[in-house]
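In what follows, a single structure is set out as C-alpha cells and then discussed.
Naming convention: chains lettered A, B, ... in sequence-line order (proteins, then strands); numbering from 1 in each chain.
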There are 2 protein chains.
Amino acid sequence: MKEIDQGSLRLLRLLQQDCSLALSDMAERAGMSQSTAWRKVQELEAAGVIRARVALLDARKLDLKLCVIAHVTLDDHHEEAIASFSAVVRNHPEILECYALSGAFDYMLKIRAADVESYETFMTRYLLRNPHVRNVVSSFVLREMKASTELPL
Amino acid sequence: MKEIDQGSLRLLRLLQQDCSLALSDMAERAGMSQSTAWRKVQELEAAGVIRARVALLDARKLDLKLCVIAHVTLDDHHEEAIASFSAVVRNHPEILECYALSGAFDYMLKIRAADVESYETFMTRYLLRNPHVRNVVSSFVLREMKASTELPL
DNA sequence: GCTACCCTGATCAATTTCTTTCATGAAAGC
DNA sequence: GCTTTCATGAAAGAAATTGATCAGGGTAGC
C-alpha cells in the first residue's frame, strides 16, 4: 500500500474526531481543495485505513450502567478450547472487547451490562459454565477516565 | 429524559454499525418513514444519546502494531496523586482508554504504540517517572479477538 | 360520543453536500 | 524538447439533508 501523506493524515485526524463534518469543512481545515479531500478520503476508504464510520452512544443514557474488566484463564490451549471460547466472545454483544494477552492471564474482556445482577447472570451462564474456562477475575469499573477511539497519529 | 422507543433503538443499532448510511436507507431498514427517522435522530442527538460520529481506523495500516494493557497502582490516593496521574492520561493520545478499577489494581490502561521500543520510551518517560505511580504491569496484546464500540441494545 | 393531543407519514422547497468532469501545472521519463 | 503521468483545484451536476407543513389515525380524558 502507498505511503500516507501529511494531507491524508490531517484528514484522518479530523475524521476520527468527527466524521459528520462536511467535506468542504474538512478540506478547509486540512488545507486542501474539496476535490482533493474527497479523493483522499475515497482512497483511504478503499485501502481499508478507514474501517468504518460509527456513532458512539452514551452507555448511561441507555441504561448500561455497569462496565467490567474481566481476566480469563483457560484450562488448556488446544484448538478446541480456543475455538469454544472465541465463539462465546463472538456471539455475545455484551463483550465489547477481547484481547489475548501475554503475562498472568490469557484474555482480557471488557463487558457492559445493565447492572450487577444481569452481569452475574451473563457471567455464570456463558463464561463460568464453559468447560474450558478455568478462572475469571472480574474488576468493576469505578470511573471511565478516558475511552477514546482516536489513534495517535 | 424520555423513554427510548423500539424504533429509535433500531436506528441506534444501525447507527452504531454504520453512520454513513443515508437517512432514507436507515428509515427503510428501521421500518419507518424518512420524516420519522429524521425526527428521531434529531432527538437522540439533542438528548446526547448519540455522543459522536467518528471514523474507526485500522491501527496496523497506520503502523501502530503494538497494543498494551497496563495495570497501574498508585502510591497513595490523595487528590494530588490522582490529579497528577489523570493529567498524564489526558495529555497522552497513546493512552486510548483508562479505567479506575475495583480489585487488585487501581487503573487499567490501553495503550497503542508503533513498536516495543517506542512503548518502552513512552512508559519510562511518562508513567514510571511519575512520583505517584508505584507499580505498572504491562501485558502485550497478542491478538485482538474483538474490538467493538457497539453497545448491546 | 367527542375533543384534544401526540405520533406518524407524505410532500415539498431550500439548502447543503457529494460526486463527476474538465482543465491546468508540476515533475518524471524518453 | 516533448510526452506521459500524476496530483490538484474549479465548476457543474446529482443526490441527500434539512425543516416546515398538512392530514390521518390512535388514544387518553372528559
Checklist entry - Can you tell me how far C1' of C:dT19 sits from CD of A:Q34, to the nearest Å? => result 9 Å

Next on the checklist: Using the side-chain heavy atoms of B:S33, tell me which of these nucleotides is nearest: C:dG9, D:dA10, C:dT19.
Outcome noted: C:dG9

Next on the checklist: Assess whether a salt bridge exists between B:D5 and B:K40, defined as any Lys/Arg side-chain N lying under 4.0 Å from an Asp/Glu carboxylate O.
Outcome noted: yes

Next on the checklist: Check the phosphate of C:dT8 against B:K40, side-chain N and O only, distance under 4.0 Å to OP1 or OP2. Yes or no?
Outcome noted: yes

Next on the checklist: Could you tell me how far apart A:L11 (CG) and C:dC18 (P) are, to the nearest whole angstrom?
Outcome noted: 13 Å

Next on the checklist: Within the 3.5 Å criterion, strictly below it, is a donor on B:H77 or B:D106 matched to an acceptor on the partner's side chain?
Outcome noted: yes

Item to check | Closest-nucleotide 5' rank along DNA chain C - winner of A:W38 and A:A22 | outcome: A:A22

Checklist entry - Roughly how many Å is it from CG in B:D25 to C1' in D:dT17, rounded to a whole number? => result 14 Å

Item to check | Spacing of A:R39 atom CZ relative to C:dT19 atom P, expressed in whole Å | outcome: 13 Å

Item to check | Atom-to-atom span, CE of B:M32 to P of C:dG9 - whole angstrom | outcome: 7 Å

Checklist entry - Would you say the side-chain atoms of A:R13 pair up with the backbone N or O of A:L153, donor to acceptor, closer than 3.5 Å? => result yes

Checklist entry - Should B:E117 and B:K65 count as an ion pair when the cut-off is N to O under 4.0 Å? => result no

Checklist outcome for this item: Rounded to whole Å, CD of B:E43 lies from C1' of D:dT18 at a distance of 16 Å

Checklist entry - With respect to the side chain of A:S35, which nucleotide from C:dT19, D:dT8, D:dG9 is positioned closest? => result D:dG9

Checklist entry - Roughly how many Å is it from CG in A:L23 to P in D:dA16, rounded to a whole number? => result 16 Å

Next on the checklist: Could you tell me how far apart B:L21 (CG) and C:dT17 (P) are, to the nearest whole angstrom?
Outcome noted: 19 Å

